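Computed from a predicted structure; not experimentally measured. Residue numbering restarts at 1 for every chain, and letters A, B, ... go by the order of the sequence lines.
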Amino acid sequence: MPPLDSNAGALAPFGAGAPLPLLEHLNPEQLAAVTLPAGHALILAGAGSGKTRVLTTRIAWLLQTGQASPGGILAVTFTNKAAKEMVARLSGMLPINVRGMWIGTFHGLCNRMLRAHHKLAGLPATFQILDTQDQLSAIKRLCKQHKVDEERFPPKQLVWFIAGCKEEGMRPKDVPVRDQETERKVELYQLYEQQCQREGVVDFGELMLRSYELLRDNDAVRAHYQRRFSHILVDEFQDTNRLQYAWLKQLAGDTVDGQLQAPGSVIAVGDDDQSIYAFRGARVGNMQDFVREFGVQRTIKLEQNYRSYSNILDCANALIDHNQGRLGKNLRTTQGPGEPVRIHEAQTDLAEAHWMVEEIRNLVKGDEAPRREIAVLYRSNAQSRVIESTLFNAGVPYRVYGGLRFFERAEVKHALAYLRLLENPHDDTSFLRVVNFPPRGIGARTLEQLQDAARAAGCSLHDAVSTMTGRAGANLTAFVALVEVMHEGSQGQNLRGIIGQMLQASGLVEHYRNDKEGADRLENLEELVNAAESFVTQEGFGRDAVALPLDEQRPALTQSPASQGLDASLPMAGPTESIDAETGETLSPLAAFLTHAALEAGDNQAQAGQDAVQLMTVHASKGLEFDCVFIGGLEEGLFPHENAMGERAGLEEERRLMYVAITRARKRLYLSHSQTRMLHGQTRYNVRSRFFDELPEGALKWLTPRQSGFGSFAPFSGAASAYRAGARGGFGYQPESLASPPVPQRKEAPGHGLRAGTAVFHNKFGEGKVLAIEGEGDDARAQVNFPRHGTKWLALAVAKLTIVE
DNA sequence: ATCACTCGTCTTTTT
DNA sequence: GACGAGTGAT
């Protein structure tokens with residue numbers, strides 16, 4: 001989409017001139033969605049139907065035609081990635097400063113609202129956000145303090161319980177108590193809330209719930225935002241939970257006699273067939289509720305798929321048709337049938353991996369697709385191990401999505417904990433995290449005493465330090481003094497200076513420098529300084545973190561009449577001055593950065609840029625697309641997963657998951673299953689997934705002979721279709737007899753294919769050159785020289801080295 | 001305080 | 001089978 005021509009003609013109100021360039025190349029359904037008249041609407045956007053394009057073009061069109069000002073739009077997504085993408089595309093379409101617009105994640109926007117009205121929301125101005133790790137450690141601490149039997153009430157389960165309550169919008173008093181166990185949990189929920197309040201921290205669920213309550217309980221605030229946001233757009237609506245839906249309703253308007261009086265327009269974009277997050281509270285039913293409660297008049301289906309060939313879409317359509325209660329949608333394409341969907345049966349998980357790698361190499365060799373356009377998808381993370389090692393042995397570069405992200409790494413969290421103490425010394429979670437790290441002679445017993453003292457006095461650990469005596473007291477006092485010194489040293493410094501100073505003064509740098517395995521960690525700490533730097537400059541320390549857009553961040557449609565007199569940066573336009581008074585504050589760069597770190601964990605893509613095969617779970621693949629897709633482990637018990645097969649809802653979600661997986665592929669799709677698989681250290685004999693029987697035969701090509709109807713007629717089909725080896729030995733079920741043409745069991749001989757002079761790539765160290773090889777098999781080591789990190793000996797069985805061609 | 005050992009877990013995950 | 005958390009010994 002070319003950038004908007006900024007002459008007056010192009011900005012003429014809708015209908016006054018030639019068709020807008022913005023609207024070119026849209027199909028009729030897309031055009032209808034983009035130019036919907038004011039009013040609530042549901043857009044059912046199938047996979048690959050140009051959903052993001054429609055969403056962003058709609059916003060651009062609203063702005064361009066003067067129907068909305070930047071400040072009047074609220075667009076909400078689930079992930080930072082999606083929000084960024086929307087912002088990027090929008091700024092490509094219009095010469096607009098999108099920074100001050102309310103485009104972001106649910107949590108990001110809630111945070112923004114709470115920062116602006118922190119007093120009304122009952123929070124300190126500098127409240128910090130607990131991530132899941134922090135939340136768990138806060139709960140553990142609480143459990144210890146209240147002598148909770150952690151056998152009966154595992155902290156993890158409590159976290160889950162509390163998060164679940166909040167997702168349903170329930171405070172402790174709202175939770176129905178059926179039994180003693182629930183009663184105790186509710187009690188702990190309440191204690192946890194008190195603890196968080198005392199420490200000035202909120203978890204993710206709290207961010208959402210507080211923001212909802214702020215709107216619900218405060219007429220002036222609610223009225224203000226309702227007036228302000230004339231256009232609300234929601235992405236991935238099928239993934240919203242009850243609370244998020246309720247939050248949207250508050251923003252949209254007030255309810256009279258069960259019907260929402262919402263003058264503005266709410267556009268919900270989603271796909272019920274791609275709802276795969278029920279396990280974390282997503283409620284597809286919100287789509288039906290939305291239609292009913294908002295009195296939706298217009299529903300538009302985007303069924304034209306621009307991604308895949310029809311064989312692939314036929315599979316997707318046929319599969320999902322087995323689900324009940326769908327809103328109903330069928331993907332179509334004008335592309336031809338393309339290649340058949342290939343199906344392979346392997347004898348073992350290892351053989352399956354070998355087959356995949358062989359196919360991948362052929363694809364790359366035959367120039368069918370670059371490696372980055374090939375994805376291997378799996379249902380559970382455990383499956384990645386075999387595939388990774390096989391790829392590694394074959395010297396095929398690959399990249400695994402998911403895993404530990406930057407701001408979740410231990411050393412980074414340590415550093416952040418120090419920074420948080422600078423902002424708020426009463427943050428006990430952070431206090432405990434670093435009070436003895438690096439070690440300074442403050443042991444568990446001392447901390448127990450300190451916690452008792454703090455509880456007795458009803459104060460923070462920081463304030464309880466003064467009650468401690470003896471050597472322990474002296475050590476604690478020294479720590480508090482250290483924090484105080486760091487705090488004073490940070491005055492008048494920029495963010496980079498503050499962090500640099502903290503890294504030195506805390507002893508973190510010293511500690512990792514003395515640790516022989518600390519090099520990576522030191523590097524990550526340096527990276528933290530860089531992250532802070534780019535946060536301040538490029539990221540413009542703004543969208544999520546700053547209290548509210550201030551004057552210098554005024555977003556405006558430059559040269560556009562539409563923006564005149566309508567200013568996104570005035571949150572409190574209108575007769576609500578009493579609230580207005582609250583909004584003049586900005587967060588310090590440090591506080592803003594800490595918020596950013598909590599709200600956006602960063603990615604783990606150290607090796608971005610490398611042309612590598614993409615490995616990820618099916619969940620992680622949502623929203624992505626690839627030329628060639630492999631889906632492995634299509635076996636009863638694994639996909640569909642055994643834990644989900646019990647009830648229809650669970651099985652249907654598995655089927656949607658499969659639907660998501662299939663629709664990732666543009667050109668080629670490979671499905672595979674294995675007769676046996678190593679799981680939890682035991683070999684399991686698996687039956688082919690029922691999903692194979694739900695695909696249209698005409699679109700398939702069986703690479704290995706199909707065992708007719710085996711999946712459905714297995715002698716032991718049913719809930720427990722996966723059998724443990726040994727438990728059923730001698731049942732007459734011999735994998736050998738059912739085996740298809742034997743998969744060549746190639747022993748990966750020398751495997752690594754490295755020799756002196758080979759150019760290699762390492763996830764951490766980048767490109768380097770092999771100097772020497774030593775040992776064989778699992779003991780093989782290579783000496784590699786990396787320009788940036790010097791020469792290192794790396795065990796090939798451990799280090800991820802790929803050969804650079 | 002640090003290491004070595006056992007024990008338990010093991011579907012999916014963003015914020 | 002493999003990893004992390006928690007515990008006990010030095």
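Atom NE2 in H107(A) sits roughly 8 Å away from atom C1' in dT14(B) (whole-Å rounding). Here the P atom of nucleotide dT2(B) and the CG atom of N514(A) are 12 Å apart, to the nearest Å. For K84(A) and dT14(B), the NZ to P distance is 14 Å, given to the nearest whole Å. Between D239(A) atom CG and dT14(B) atom C1' the separation is 10 Å, expressed in whole Å. Going from atom CD1 of I442(A) over to atom P of dA1(B) covers 9 Å, rounded to whole Å. Rounding to whole angstrom units, CD of residue Q133(A) and C1' of dT14(B) are separated by 14 Å. With rounding to whole Å, D235(A) atom CG is found 13 Å from dT15(B) atom P.
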Donor-acceptor list for residues 154-169 of chain A side chains, cut-off 3.5 Å, not counting sequence neighbours:
residue, atom, partner, partner atom, Å
K166(A), NZ, D203(A), OD1, 3.3
K166(A), NZ, D203(A), OD2, 2.9
K166(A), NZ, E206(A), OE1, 2.8
E168(A), OE1, R242(A), NH1, 3.2

Which donor-acceptor pairs under 3.5 Å do side chains of residues 437-448 of chain A form with protein atoms, sequence neighbours excluded?
residue, atom, partner, partner atom, Å
R440(A), NH1, Y418(A), OH, 3.2
R440(A), NH1, V434(A), O, 2.9
R440(A), NH1, V435(A), O, 3.0
R440(A), NH2, Y418(A), OH, 2.9
R440(A), NH2, S506(A), O, 3.1

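In this structure dT12(B) sits in the anti conformation; its chi angle is more than 90° from 0.
For the pair R115(A) and F127(A), the cation-pi test (distance below 6.0 Å, angle within 45°) is passed.
In this pair, F535(A) and F593(A) present their aromatic rings tilted. The plane angle is within the 30 to 60° band. Ring pair F407(A)/H596(A) is perpendicular by interplanar angle, where above 60° counts as perpendicular and below 30° as parallel.
Using a 4.0 Å heavy-atom cutoff across all strands shown, G205(A) reaches no nucleic acid atom at all. Within the nucleic acid shown, M678(A) comes within 4.0 Å of sugar-phosphate atoms alone, with no base atom in reach, counting heavy atoms only. Residue N241(A) is classed as having no contact, given no heavy-atom separation below 4.0 Å to the nucleic acid. Within 4.0 Å of K156(A), counting heavy atoms only, lies no atom of the nucleic acid at all.
R283(A) and N286(A) are linked by a side-chain donor-acceptor pair at a separation below 3.5 angstrom, with hydrogens and angles left out of the test.
Under the rule for a side chain to side chain donor-acceptor pair (under 3.5 Å), the partners of E193(A) that lie at least two apart in sequence or sit in another chain are R171(A). Residues that satisfy the ring pair (Phe, Tyr, Trp, His ring centres under 6.0 Å) test with F431(A), not counting sequence neighbours, are F479(A).
Residue N80(A) has a polar side-chain atom (N or O) positioned under 4.0 Å from OP1 or OP2 of dT15(B).
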Quick test: give all pairs of protein nitrogen or oxygen and nucleotides 7-13 of chain B nitrogen or oxygen below 3.5 Å, distance rounded to 0.1 Å.
residue, atom, partner, partner atom, Å
dT11(B), O4', H641(A), NE2, 3.1
dT12(B), OP1, N381(A), N, 2.7
dT12(B), OP1, N381(A), ND2, 2.7
dT12(B), O4', R379(A), NH2, 3.2
dT12(B), O2, R379(A), NH2, 2.6
dT13(B), OP1, T617(A), OG1, 2.7

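For the pair R655(A) and D273(A), the salt-bridge criterion is not met [side-chain N within less than 4.0 Å of a carboxylate O].
Nearest-nucleotide assignment on DNA chain B puts the 5′-proximal partner with P439(A), out of P439(A) and E408(A).
If you walk DNA chain C from 5' to 3' and mark each nucleotide with an atom closer than 4.0 Å to a heavy atom of chain A, the marks span dG1(C) to dG6(C).
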